[in-house]
Protein chains: 2
Amino acid sequence: MATIKEIAELAHVSIGTVDRVLHNRGRVSSDTKRKVEKIIKELDYKPNLLARQLKLSRDYTFGVLMPELHQDSKYWERPALGIYKAKRELESQKINIKFFHFNRYSEASFIEKSNRLLNDHLDGLLITPILIKPARELIHKIPEDIPYVFFDSDIPDSNRLTFIGQDPYRSGMLAAKLMRLMTMTDGSIAIIRILPEDYHIDQRIEGFLHYYRENDGKKNIQIYEWKEQRDLSSLDIISQKILDEQSDLQGIFVTNALTYLIASFLEKHHTERHIRIIGYDLIDKNVDYLRSGMIDFLINQFSIDQGYQGIYSLFKHLALKQKVDDTIMMPINIVMNENIDYYYYSTDDLGR
Amino acid sequence: MATIKEIAELAHVSIGTVDRVLHNRGRVSSDTKRKVEKIIKELDYKPNLLARQLKLSRDYTFGVLMPELHQDSKYWERPALGIYKAKRELESQKINIKFFHFNRYSEASFIEKSNRLLNDHLDGLLITPILIKPARELIHKIPEDIPYVFFDSDIPDSNRLTFIGQDPYRSGMLAAKLMRLMTMTDGSIAIIRILPEDYHIDQRIEGFLHYYRENDGKKNIQIYEWKEQRDLSSLDIISQKILDEQSDLQGIFVTNALTYLIASFLEKHHTERHIRIIGYDLIDKNVDYLRSGMIDFLINQFSIDQGYQGIYSLFKHLALKQKVDDTIMMPINIVMNENIDYYYYSTDDLGR
DNA sequence: ATTTATGGCGTTAACGTTACCGCATCGATC
DNA sequence: GATCGATGCGGTAACGTTAACGCCATAAAT
């Protein structure tokens, strides 16, 4: 690889001049500029990123605004794991991370934490804008020169550096396809819709229904709503209601990480028929039921990777000054008993 | 992060001494050694990898011994793509790569190319040992100080740095599970066994049969053999034979990347029943038939990533002097129409 | 005619690590 | 007591990049 020094020698100038040309810092005559640029092209010069980073390395502090880790059955531990992983990997580059955890069912909490975030003079932000209204207000208050990344949810018409997530509509279609394969005979399907309203969950349901509309329009599909934040045990009531109402129930589509609760209920109150379960996310309890066969499929969001990519995008933009893709879509991953080992890592080593 | 300089100051020694302690290069009194080591621990010193690499960077040339790219329906283009990707990413580190392509159906070709590989004084080797016998002979001739990595296939009792691949037995089980889901009613299943004998293909079949034995022992499953290298069109004869012999055929499991040939045949000679197809690998033609619905599932081997990880492992070991895992297992990935977009990248940009 | 900008360039000190060079000191050897 | 080797250590150049600094011209302003 060509270096700045070689370019300087060939152009009969000093490395300072080459640097000025490379970075358009002026103070170079147009003649020498042209000469240097020609040689840069001829040698196909690419800066040595190691040297650049070594030289430029300075402390960066990133702020992470995300739900409390224990919420959604500890779902949020997984992106946090990825964030720590990125931090460890970038250790040499002096990356600091500050967490701001909000209660995902309280706008007040989101607002309070986002104000703290704003007052902390951070170099980059990683945000989960699941509470859309206060999140919209937040982005207006973020100084223009501070890059921010969304993960899990998106606000497309914002100035975000990038969004990292999964297409929930597509994943719903995929769930429907798998469900249909497992339940080709007559019978009904139940969908558990978790409240309060959530873009992701709604899109998953839309996708699911879309697939059935296109491929099996006559199928009896019932949606049951459940207010999660009240009390986990209240799901048992809904489950019982489903069993009572749908005597020919074949499968249940659970639209978030609480899938294991349904599995647990069915295990206890097991019925004649084998009721199929498809759900989301590789949290510990879901994985247990997948292994035991109570849950048939889980859709993996690559939550760990989402956190990792979030921090890495900020780093790439700020420290490496490299281009970051506008959107980073995570693959929709089908996990079952036979391939779970290759996807699941316990969150035990979260703290480092 | 602590630096060598800081340690030196705190220990009242020079950075040279700290370096000697860190690398056990002797010429340090046991007193100062202890003193320095204490401070190293206290500060939890971790070397700055950027600086290390920058300093140590030297040219590495890796040799890749793999089948000709066009073989197996251009399957081998995909790992090659990953190899180029790694090369591009490690550009700053002066990595050169030399390819040695052999005819995967000729031992003579393998032997000839591996001799060339050995005579080329390379710093590390990336090898596909699909021809086991000559590969075993090759590893005896590799100088002890030259690390080599296997990908795609493995020879476990060798001195390889690592192996990168997928568990074929498991993937066969997974294929069987999906096949069973799609064909719950009475009927038979055909397996296409591609010859000459191949460890991967045999394991896939074993896994497939194992799953059915455990879950549906009475299922009628027939294995049809086909000598691939002769002539692609001869597969039509086999296909016709399957249709003739299995009047109640429900599905076909194709054990390698040639899945599209079966799909193409069934498209032309389409039958009353919908015959399900499960196969391997995201090569272009397979993806087309997956999109059109002729192929139901493809199992993805992450072939691109295999190439990438292969080069990266060599680099990690030689340049970064970091530990490399003994085995790198690729996840077994289920790809269908609904999620193909997140896995498939065309090989068009192969050459750079 | 002298000062004051400003353009055009070279020089240099870092970033953190590595490894070579060389200067002392000291005991052993002839 | 001069020579030698070994031991213990400090100093320093280099990896490639960046950006501040400073010097010399020439042009503009007083």
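Residue numbers begin at 1 in each chain, while the letters A, B, ... track the order of the sequences. Since we're looking at a predicted model, the values are computed, not measured.
- The pair B:Asp31-B:Arg34 meets the salt-bridge criterion, with a side-chain N (NZ, NE, NH1 or NH2) lying under 4.0 Å from an Asp/Glu carboxylate O.
- Between A:Lys5 and A:Glu9, no side-chain nitrogen of the basic residue sits less than 4.0 Å from a carboxylate oxygen of the acidic one, so the salt-bridge criterion is not met.
- When the shell of 6.0 Å around CZ of B:Arg25 is examined, it contains more than 12 heavy atoms from other residues, nucleotides or ligands.
- If A:His23 and B:Arg20 are placed on DNA chain D by their nearest nucleotide, the residue sitting closer to the 5' end is B:Arg20.
- In terms of position along DNA chain D, the nucleotide closest to B:His12 lies nearer the 5' end than the nucleotide closest to the other residue of the pair A:Asp19 and B:His12.
- Between the side chain of B:Gln166 and the backbone N or O of B:Asn300 there is at least one donor-acceptor pair closer than 3.5 Å.
- Among the candidates A:Ile155, A:Ile139, A:Asp152, A:Ile142, the single residue satisfying the side chain to side chain contact (heavy atoms under 4.5 Å, CB included) test with A:Ile127 is A:Ile142.
- A:Phe100 is not listed as a side-chain neighbour of A:Leu118, based on a closest heavy-atom distance of 4.5 Å or more.
- Residue contacts shown for B:Leu22 are absent, as no nucleic acid heavy atom lies under 4.0 Å away.
- Taking atom CG on B:Asn48 and atom P on C:dA14, their separation rounds to 18 Å, with Å as the unit.
- Under a cutoff of 6.0 Å and an axis angle of 45°, A:Lys85 and A:Tyr308 form a cation-pi pair.
- Residues from residues 26-34 of chain B placing a heavy atom under 4.0 Å of any atom in DNA chain D, listed by number, are B:Arg27, B:Val28, B:Ser29, B:Thr32.
- In summary, the side chains of A:Tyr312 and A:Glu89 do not present any donor paired with an acceptor at a separation below 3.5 Å, with no hydrogens or angles considered.
- Against DNA chain D, the stretch residues 51-59 of chain A makes heavy-atom approaches under 4.0 Å through A:Ala51, A:Arg52, A:Lys55, A:Leu56.
- Among the heavy atoms of the strands, none lies under 4.0 Å from B:Leu50.
- Side-chain atoms of A:Asp120 do not come within 3.5 Å of backbone N or O of A:Leu122 as any donor-acceptor pair.
- For DNA chain D, the span of nucleotides reached by chain B at under 4.0 Å from its heavy atoms goes, 5' to 3', from D:dT7 to D:dG16.
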**Request:** Step by step, work out the ring-ring contact (aromatic ring centres under 6.0 Å, His included) result for A:Phe163 and A:Phe150.
**Result:** CA-CA 5 Å; A:Phe163 160 66; A:Phe150 289 147; 7.8 Å; no
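- Checking side-chain atoms of B:Thr61 against main-chain N and O of B:Ile97 turns up no donor-acceptor pair under 3.5 Å.
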